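For reference, the structure is listed below as structure tokens.
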Amino acid sequence: MQQPATSIVILTGAGISAESGLPTFRDKDGLWEGHRVEDVACPEAFARDPERVQRFYNLRRAALATVEPNAAHHALARLQQAWPGRVTLVTQNVDDLHERAGSTGVIHMHGELRKVRCGHCGQRMEWLDELHTSTLCPVCGRGRGLRPDIVWFGEMPLQLEVIEDAVEASGLFVAIGTSGQVYPAAGLVQVARSAGAATLEINTAQTAVSGCFDSHRVGPASVEVRRWVAGLLDR
Ligand code: NAD
């Protein structure tokens with residue numbers, strides 16, 4: 001009897017979008033677009049200076065309109081469409097390049113730039129424009145409640161249980177373009193190993209968790225992801 005196809009879980013990080021023109025942050029002394037993470041990406045920063053944080057994310061949101069998915073995003077969408085087994089795509093990225101390449105069911109564990117949520121009524125909604133402290137929530141009508149739907153440092157990632165279940169049920173776990181420094185995402189390779197899955201890391205450099213992976217492809221995602229997917233689908 002034929003074996004069912006391996007279930008694959010793929011975790012992507014800022015490195016997969018670097019060649020599209022969206023800077024990573026750990027490659028440049030811990031700065032993200034010239035900002036210290038603790039000034040723009042934590043709840044304390046938002047409480048201290050909400051307009052500064054909104055401005056930072058307004059710029060990131062606007063930058064999405066100037067970039068396109070690259071060959072790595074497209075290769076993963078092709079894998080999702082053509083692989084006979086399940087392919088779960090989990091990303092730490094807040095951009096929408098996987099979706100624009102054609103991927104479906106993407107789990108954004110750290111939130112999405114093109115969504116906001118209201119601290120008063122809890123509603124999440126798509127948001128393509130600028131957001132300001134004075135912007136009223138279109139659902140509950142109250143002010144000073146809307147914030148980017150981003151998981152900041154110190155906050156709980158989204159859908160963690162769903163992600164861990166998928167990793168535990170997978171036969172192959174692949175991490176692409178992530179530095180392995182942000183937990184719990186960085187610990188998923190250990191979850192995969194404990195469940196007996198094979199593990200592959202694709203990155204231009206060694207990472208904090210490289211030693212946990214069984215195999216490695218070293219090089220730019222646009223080249224290495226395309227080669228890896230071609231190897232799986234065209235053999
Ligand atoms: P990171 O910035 O910590 O690390 C980036 C990793 O990508 C590094 O290991 C680097 O060696 C690798 N890399 C760089 N260029 C690459 C390429 N062309 N091909 C393959 N690998 C490459 O990123 P992270 O681990 O994702 O953690 C950063 C956090 O910052 C995330 O949680 C995310 O929410 C946020 N962030 C998101 C974006 C985005 O959405 N595009 C951009 C910057 C930061």
Side-chain angles (χ1 to χ4, degrees), residues 10-43 45 53 56-76 89-101 103 106-115 147-160 163 174-189 200-213 216-229:
I10 299 166
L11 171 70
T12 65
I16 197 168
S17 297
E19 291 167 82
S20 291
L22 295 177
T24 65
F25 64 63
R26 285 205 172 60
D27 292 337
K28 284 189 265 130
D29 305 325
L31 294 182
W32 187 4
E33 300 265 344
H35 291 74
R36 291 187 318 152
V37 165
E38 54 271 35
D39 289 337
V40 290
C42 62
V53 173
F56 175 76
Y57 286 101
N58 285 341
L59 288 171
R60 307 281 71 72
R61 198 177 299 116
L64 289 186
T66 68
V67 298
E68 295 293 336
N70 65 52
H73 300 102
H74 286 294
L76 295 184
L89 186 48
V90 180
T91 188
Q92 297 165 89
N93 293 345
V94 294
D95 65 53
D96 60 350
L97 294 179
H98 284 305
E99 285 86 350
R100 281 201 266 150
S103 277
V106 182
I107 302 177
H108 283 269
M109 66 185 297
H110 292 165
E112 293 173 73
L113 271 174
R114 284 185 157 167
K115 284 194 182 151
R147 56 163 276 184
D149 193 16
I150 301 286
V151 176
W152 285 325
F153 286 90
E155 297 182 323
M156 272 302 281
L158 307 173
Q159 300 196 61
L160 202 51
I163 295 168
V174 186
I176 303 168
T178 173
S179 61
Q181 293 186 44
V182 180
Y183 281 81
L188 290 175
V189 62
L200 165 67
E201 180 178 65
I202 303 179
N203 202 301
T204 44
Q206 285 267 326
T207 71
V209 292
S210 286
C212 302
F213 287 84
H216 302 85
R217 282 175 171 266
V218 180
S222 63
V223 175
E224 292 303 326
V225 174
R226 199 157 36 86
R227 280 192 187 144
W228 168 65
V229 168

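Just so you know, these numbers come straight off a predicted model, no measurement behind them. Both backbone and side-chain heavy atoms feed into the values below; hydrogens, waters and symmetry mates do not. When a ligand or atom number is given, it counts from 1 through the structure's own listing order.
Listed by number with element, the atoms of ligand 1 under 4.0 Å from a non-hydrogen atom of Gly13 are 26 (O). Near His110, meaning under 4.0 Å from one of its heavy atoms, ligand 1 places the atoms 31 (C), 32 (O), 34 (O).
Close N/O approach between Ala14 and ligand 1 is found [any backbone or side-chain N/O within under 3.5 Å]. Close N/O approach between Ala18 and ligand 1 is not found [any backbone or side-chain N/O within under 3.5 Å]. Between Thr207 and ligand 1, a contact under 3.5 Å exists for no N or O pair. Any N or O atom pair closer than 3.5 Å counts here, and Gly177 shares at least one such pair with ligand 1. An N or O contact shorter than 3.5 Å links Val94 to ligand 1 by distance.
Between atom 34 (O) of ligand 1 and the options Glu224, Glu201, Gln92, Arg60, the minimum heavy-atom separation is to Gln92. The residue from Ala221, Gly15, Ala41, Ala186 that puts a heavy atom closest to atom 16 (C) of ligand 1 is Gly15. Nearest-residue assignment for atom 9 (O) of ligand 1 (options Asn203, Leu64, Thr204; heavy-atom criterion): Asn203. Selection from Asp95, Val182, Asn93 by nearest heavy atom to atom 41 (N) of ligand 1 gives Asp95.
Here CD1 of Ile176 is found 8.0 Å from CG of Leu89. Values are rounded to the nearest 0.5 Å.
With sequence neighbours excluded, the residues that form a ring pair (Phe, Tyr, Trp, His ring centres under 6.0 Å) with His98 are His73. The side-chain hydrogen bond (donor to acceptor under 3.5 Å, both in side chains) search around Glu112 returns Lys115, not counting sequence neighbours.
Of the possible polar contacts, none joining the Asn93 side chain to the Asp95 backbone as a donor-acceptor pair under 3.5 Å is found.
Minimum heavy-atom separation, Ala65 to Arg114: N-NH2, 4.2 Å. Residues Thr207 and Ser179 come closest through the heavy atom pair CB-O, 3.5 Å. Residues Trp152 and Cys42 share a closest heavy-atom pair of CB-CA, 3.6 Å.
You'll find the side chain of Leu22 reaches within 4.5 Å of the side chain of Leu97, heavy atoms only.
Neither the backbone nor the side chain of Ala72 comes within contact range of ligand 1; no heavy atom lies under 4.0 Å.
At least one heavy atom of Glu19 sits closer than 4.0 Å to an atom of ligand 1. Assignment of Pro23 to the shell around ligand 1 is supported, since a heavy atom sits closer than 4.0 Å.
A salt bridge links Arg147 with Glu155: at least one charged nitrogen is closer than 4.0 Å to a carboxylate oxygen.
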